[in-house]
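Heads up, the thing below is written out as structure tokens.
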Amino acid sequence: MRRSINTALVCGLFLLPHLPAAAQSTPNPAMTAPDQVAWQLFIQANTRAGGSNSTFETWASDSDTFKPTPQFPTGATPPALRRPILPALAREGVQQSGGLLPALPPGIAQGATEETRHNKATFDFIVQNNLYKVSGLKAAFGKNLQFPIDSMEVKANWMAVSDIPAFTNNRVTLAQVPQLYHVNSSGGVQYAMVAMHVISKLVPNWTWATFEHKLNPARCDILGCKDAFGAQTAFVASNPVAGQGYPDCTKTQALTAMLANADIDPVYSNYCLKGSQTDFVDNVGLDIRVGNSVTEDTFVATASCMTCHGRAVFDKTGKPTSVAGFLSFTANGPIGPIGPLLPAWYWTFNSQPPIFEGKPGLSQLTTSADFVWSVPLCAIDDTQNPIPASNCAGK
Ligand code: HEC
């Protein structure tokens with residue numbers, strides 16, 4: 001498991017200190033071994049950072065970032081919790097489309113909350129380019145925004161520890177929760193982490209991966225669970241009935257070794273990779289789907305990390321084009337965008353496809369925030385006085 005600095009550099013893995021030796025000679029691991037890189041990044045985000053804190057808890061939350069004077073924290077901070085934005089919008093949208101307000105899905109009914117964290121590279125890019133405020137987005141309209149390659153972001157979902165036994169259909173007792181979950185407290189309440197998205201800029205369109213606690217009752221529902229690196233069973237099919245739970249994602253020797261060599265709390269071995277995504281469509285034209293049973297609750301069947309994040313754009317007024325830019329609503333439920341990015345999301349044009357750079361009649365409608373949704377969604381509107389709270393403020 002020893003590595004030499006030279007090998008790591010040759011392979012472009014300077015961000016990935018814990019990869020086993022064999023993996024280091026893999027060319028382009030983010031594309032050719034995405035599940036392995038997903039675990040590496042998960043370990044990087046969750047490496048111990050003093051006390052019971054993990055590295056991602058030292059990164060800037062949306063509340064640290066999207067405010068008049070953004071500030072990177074000087075140490076670990078408690079979870080910056082808020083209501084989950086996406087599932088809430090999804091429910092409201094379905095109701096407005098004439099559907100019955102869907103019953104609260106179990107995770108949310110039991111108080112799942114979320115937070116987003118940006119590492120220093122990401123935070124600096126947002127601040128230096130004024131992407132935390134609408135005036136800055138107006139000024140950035142038409143630019144080609146590219147986050148630096150050492151960018152990492154996570155979105156974590158938390159649930160009150162006291163709610164975990166019911167959430168897991170009593171597969172765990174209250175006393176067992178701190179032994180099996182990463183736990184932290186916020187506002188005097190103990191929360192357990194149930195889900196985590198991890199993205200990195202190791203490739204131009206980011207690496208995409210999502211993790212779930214092994215006891216999440218809907219973990220592999222609808223899409224199944226896929227982990228070609230870390231799970232002894234690389235593909236677990238969905239149960240026919242939702243919310244019944246799945247067997248543990250028993251770890252391979254390679255992942256067990258990777259975790260053992262890392263400076264990481266052993267509770268993290270109770271999390272499973274649900275799936276990773278490297279492209280919009282596969283090599284036979286089919287749309288690729290990946291979604292988390294907690295974070296993308298209610299629209300897992302039409303979840304594509306990359307397609308929906310490709311819709312993270314703003315127009316010349318510095319605003320996201322519409323909230324429905326990422327979800328459309330039917331009376332039967334919300335639908336997320338999947339498949340390739342469409343030119344109409346970014347351009348107006350007066351001709352039939354193909355649409356390509358420089359085609360006559362093409363005019364820019366929106367600017368891409370390089371897949372980072374919080375930029376258009378959370379930017380504070382400093383063109384108003386007083387400045388209203390960010391859409392992504394804590395609860
Ligand atoms: C239907 C749209 C949609 C899908 C599908 C989706 N996301 Fe997001 N994501 C969002 C929006 C909107 C935000 C910002 C608001 C929030 O945090 O909820 C976000 C936030 C994030 C963040 C925080 C950084 C940022 O962009 O602001 C990460 C990391 C993230 N998502 C990863 C993922 C991963 C990994 C997947 C796939 C497993 C995924 N997302 C699927 C819409 C989506």
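Only a predicted model underlies this, so the values are computations on that prediction, with no experimental measurement involved. Numbering of ligands and ligand atoms starts at 1, following listing order.
Residue-ligand proximity, Ile199 to ligand 1, at heavy-atom distances under 4.0 Å covers atoms 29 (C), 32 (C). Residue contact check: Phe299 has heavy atoms under 4.0 Å from atoms 1 (C) of ligand 1. Distances below 4.0 Å separate heavy atoms of Thr210 from the following atoms of ligand 1: 38 (C). Taking every non-hydrogen atom of Ser374 and a distance limit under 4.0 Å, the qualifying atoms of ligand 1 come out as 25 (C), 26 (O), 27 (O). Numbered from 1 in the order shown, with element, the atoms of ligand 1 that lie under 4.0 Å from a heavy atom of Thr116 read 17 (O), 23 (C), 24 (C).
Contacts between Ala312 and ligand 1 below 4.0 angstrom, taking non-hydrogen atoms only, are absent altogether. Of the heavy atoms in Ala209, only backbone atoms (N, CA, C, O) come closer than 4.0 Å to ligand 1. Heavy atoms of Glu114 found under 4.0 angstrom from ligand 1 belong exclusively to the side chain.
Contact between Leu145 and Asp370 at its shortest, heavy atoms only, is O-CB, 3.3 Å.
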Derivation and outcome, ring pair (Phe, Tyr, Trp, His ring centres under 6.0 Å), residues Trp208 and His309: CA-CA 10 Å; Trp208 300 87; His309 277 261; 4.8 Å; yes
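Protein heavy atom at the shortest distance from atom 15 (C) of ligand 1 is Leu377 CD2, 3.4 Å. Of the protein's heavy atoms, Arg82 NH2, 2.6 Å lies nearest to atom 17 (O) of ligand 1. The protein heavy atom nearest to atom 24 (C) of ligand 1 is Glu153 OE1, 3.2 Å.
Residues Val284 make up the rest of the hydrophobic cluster containing Leu286, defined by ILVMFWY side-chain heavy atoms closer than 4.5 Å, directly or through other members.
Annotation: Phe211 is in aromatic contact with Phe42 [ring centroid separation under 6.0 Å].
Checking each of His213, Glu57, Met196 against His182 for a side chain to side chain contact (heavy atoms under 4.5 Å, CB included) leaves exactly one that passes, namely Glu57.
When atom types are taken as modelled, the side chain of Asp279 and the backbone of Asp282 share no donor-acceptor pair closer than 3.5 angstrom.
Evaluation of the salt bridge (Lys or Arg N to Asp or Glu O under 4.0 Å) test over residues 30-39, restricted to residues two or more places apart or in two chains, returns none.
Phe349 does not carry Lys359 over the face of its six-membered ring by the limits of under 6.0 Å from the centre and within 45° of the normal.
Heavy-atom neighbours of Lys226 NZ from other residues, nucleotides or ligands within 6.0 Å: at or below the threshold of 12. No more than 12 heavy atoms of other residues, nucleotides or ligands sit less than 6.0 Å from atom CD of Gln253.
Remark: Cys305 engages no residue in a disulfide bond (SG atoms under 2.5 Å apart) (not counting sequence neighbours).
By the criterion of a separation under 2.8 Å, the protein N/O/S atoms near atom 8 (Fe) of ligand 1 amount to His309 NE2.
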